[in-house]
Amino acid sequence: MPELPEVELYSRYFATHALRQPVVRARVLDERILGEIRKSTFAERLRGRAFSSVQRHGKHLFADAGDDTWLHLHFGMTGDLTYYADAAEDPRFARVVFDFEGGAHLAFEDMRLFGVVDLTSSPAAFIAAHRLGPDPLDSRFRLRDFQQLVANRRGAVKALLMSQEILAGIGNLYADETLYEAGIHPRRAVSDLSADEVKKIYATMRKILAETIRRKERGGDYPARSLIMHRDEDDRCPRCGGAIRKMVVFGRTTYYCSKHQK
DNA sequence: AATATTGTTCAGCA
DNA sequence: GTGCTGAACAATAT
């Protein structure tokens, strides 16, 4: 399930493979993946253009096609990108395929169709229109900015981390992972957090996101002591031996350690 | 065959 | 009106 770290890797993948090659044809294999844009308009507006750069904000990926036209990708739950040489190798769940002038192809795949492929005038316009919060890995996003977000909120801390209008990029898995490592219960009220706890959440969240990107880029897995590797009610906490519990918070299945997350 | 997942929309509450 | 939570919805492989 692509969250911020995975989308960052897609962004790098896009940048290393699919820039500066004119699009001969943009094939829409399943129109249900498209957002606002209509199929014919989508193909026409991209024909002959080359992507010059990519930008990521939260779980959203943008590729600049010039002339106030940006490709916008959202990976939903099962979105993926594949670059390949032969059109005969179109992936099974390819929904949109870009055929490049050199003969190569880039496919946006999405088995469950929760993702979106669209065009937008600019990343900034999209972010404003959808009221997305700051990206937690943005270097301009400092502790004081996070403290500000916390000060203006009530409710469960997990809801704060997962709300894209507050903070863009964290989904179910990394919200759980952050709180697990910070030792904070997912239902803890934001208004109840101490200054130290707020600081801890900020630092832990950034560390986990950045480390995951680093590890995955080298083809590595999650650490053995991470909650991600132990999302199972019958499991035990790899740090303190406490029982792993499951519950629903903010409408999502939540795992936490009953011993060190009070 | 129930379950899991995301973002959006809406109902209801304080 | 605002902020928040929870439910329903979309799709489909396992």
Side-chain angles (χ1 to χ4, degrees), chain A residues 1-11 28-37 39 56-62 72-82 91-96 107-120 123 125-136 146 148-179 185-193 209 212 222 227-235 244-256:
Chain A
M1 47 259 58
E3 299 181 29
L4 190 155
E6 292 76 25
V7 177
E8 175 61 29
L9 294 173
Y10 289 136
S11 177
V28 178
L29 305 180
D30 192 324
E31 287 189 62
R32 291 176 295 175
I33 200 68
L34 296 180
E36 312 264 298
I37 201 84
K39 182 177 173 176
R56 181 190 60 74
H57 186 91
K59 306 179 194 176
H60 300 268
L61 176 54
F62 305 92
H72 164 227
L73 301 178
H74 187 274
F75 294 84
M77 188 180 148
T78 52
D80 201 356
L81 280 181
T82 306
R92 176 158 170 223
F93 296 108
R95 307 302 189 184
V96 172
F108 180 87
E109 304 162 66
D110 189 0
M111 182 178 78
R112 287 187 191 172
L113 289 166
F114 283 5
V116 175
V117 175
D118 211 345
L119 296 182
T120 189
F126 179 89
I127 291 162
H130 291 262
R131 298 185 153 79
L132 291 179
D135 186 291
F146 185 62
Q148 195 60 246
L149 295 180
V150 168
N152 293 327
R153 284 282 290 197
R154 293 169 296 152
V157 62
K158 179 165 176 176
L160 168 114
L161 294 181
M162 285 187 66
S163 294
Q164 302 297 299
E165 326 83 61
I166 307 292
L167 209 52
I170 297 183
N172 198 33
L173 256 49
Y174 293 105
D176 279 4
E177 195 65 33
T178 297
L179 296 172
H185 193 281
R187 280 222 176 100
R188 271 289 292 288
V190 167
S191 53
D192 189 49
L193 295 170
L209 295 172
T212 303
Y222 296 102
L227 175 64
I228 292 189
M229 304 297 278
H230 300 268
R231 293 176 72 82
D232 182 346
E233 274 185 296
D234 297 327
D235 218 329
I244 298 295
R245 292 268 162 72
K246 181 168 108 161
M247 65 182 179
V248 173
V249 180
F250 199 51
R252 297 288 175 248
T253 305
T254 302
Y255 290 91
Y256 68 103

Between [N] atom [atom2] and [X] atom [atom1], what is the distance in whole Å?
{"X": "A/F126", "N": "B/dG7", "atom1": "CZ", "atom2": "P", "value": "11 Å"}
{"X": "A/Q164", "N": "B/dT9", "atom1": "CD", "atom2": "P", "value": "14 Å"}
{"X": "A/H60", "N": "B/dT6", "atom1": "NE2", "atom2": "P", "value": "13 Å"}
{"X": "A/M162", "N": "C/dG3", "atom1": "CE", "atom2": "P", "value": "20 Å"}
{"X": "A/F250", "N": "C/dC4", "atom1": "CZ", "atom2": "P", "value": "10 Å"}
{"X": "A/R231", "N": "B/dT3", "atom1": "CZ", "atom2": "C1'", "value": "14 Å"}
{"X": "A/D110", "N": "B/dG7", "atom1": "CG", "atom2": "P", "value": "12 Å"}
{"X": "A/D176", "N": "B/dT6", "atom1": "CG", "atom2": "C1'", "value": "15 Å"}

Could you tell me whether the phosphate oxygens of [N], OP1 or OP2, come under 4.0 Å of any side-chain nitrogen or oxygen in [X]?
{"X": "A/K158", "N": "C/dC4", "answer": "no"}
{"X": "A/H130", "N": "B/dT8", "answer": "yes"}
{"X": "A/H74", "N": "B/dG7", "answer": "yes"}

According to ring-ring contact (aromatic ring centres under 6.0 Å, His included), who are the partners of A/Y10, at least two apart in sequence or on a separate chain? A/F75
Set of ring-ring contact (aromatic ring centres under 6.0 Å, His included) partners for A/H57, sequence neighbours left out: none
What does nucleotides 7-14 of chain C look like as a protein-contact string, B for base, S for sugar-phosphate only, - for none, at under 4.0 angstrom between heavy atoms? ---BBBB-
State, to 0.1 Å, how close [X] and [Y] come at their nearest heavy-atom pair, and which atoms those are.
{"X": "A/L179", "Y": "A/P186", "answer": "CD1-CA, 3.7 Å"}
{"X": "A/H72", "Y": "A/F62", "answer": "CD2-CE2, 3.6 Å"}
{"X": "A/P136", "Y": "A/L209", "answer": "CG-CD1, 3.8 Å"}
{"X": "A/T253", "Y": "A/N172", "answer": "O-ND2, 2.8 Å"}

Let me see the working for A/Y174 and A/T212 under side-chain contact (heavy atoms from CB on, under 4.5 Å), right down to the final yes or no. CA-CA 10 Å; A/Y174 293 105; A/T212 303; 3.3 Å; yes
Which protein N or O atoms sit under 3.5 Å from an N or O of nucleotides 10-14 of chain B?
none

Nearest to side-chain heavy atoms of A/T253, which nucleotide of B/dG7, B/dA4, C/dT5: B/dA4
Tell me every residue that passes side-chain contact (heavy atoms from CB on, under 4.5 Å) with A/H230, counting only those two or more places apart in sequence or in another chain.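 By the side-chain contact (heavy atoms from CB on, under 4.5 Å) rule, A/H230 matches A/D235, A/P238.
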Once salt bridge (charged side-chain N to carboxylate O under 4.0 Å, His left out) is applied, do any residues pair with A/D176, and if so which ones, sequence neighbours excluded?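 Here the qualifying residues are A/K158, A/R231.
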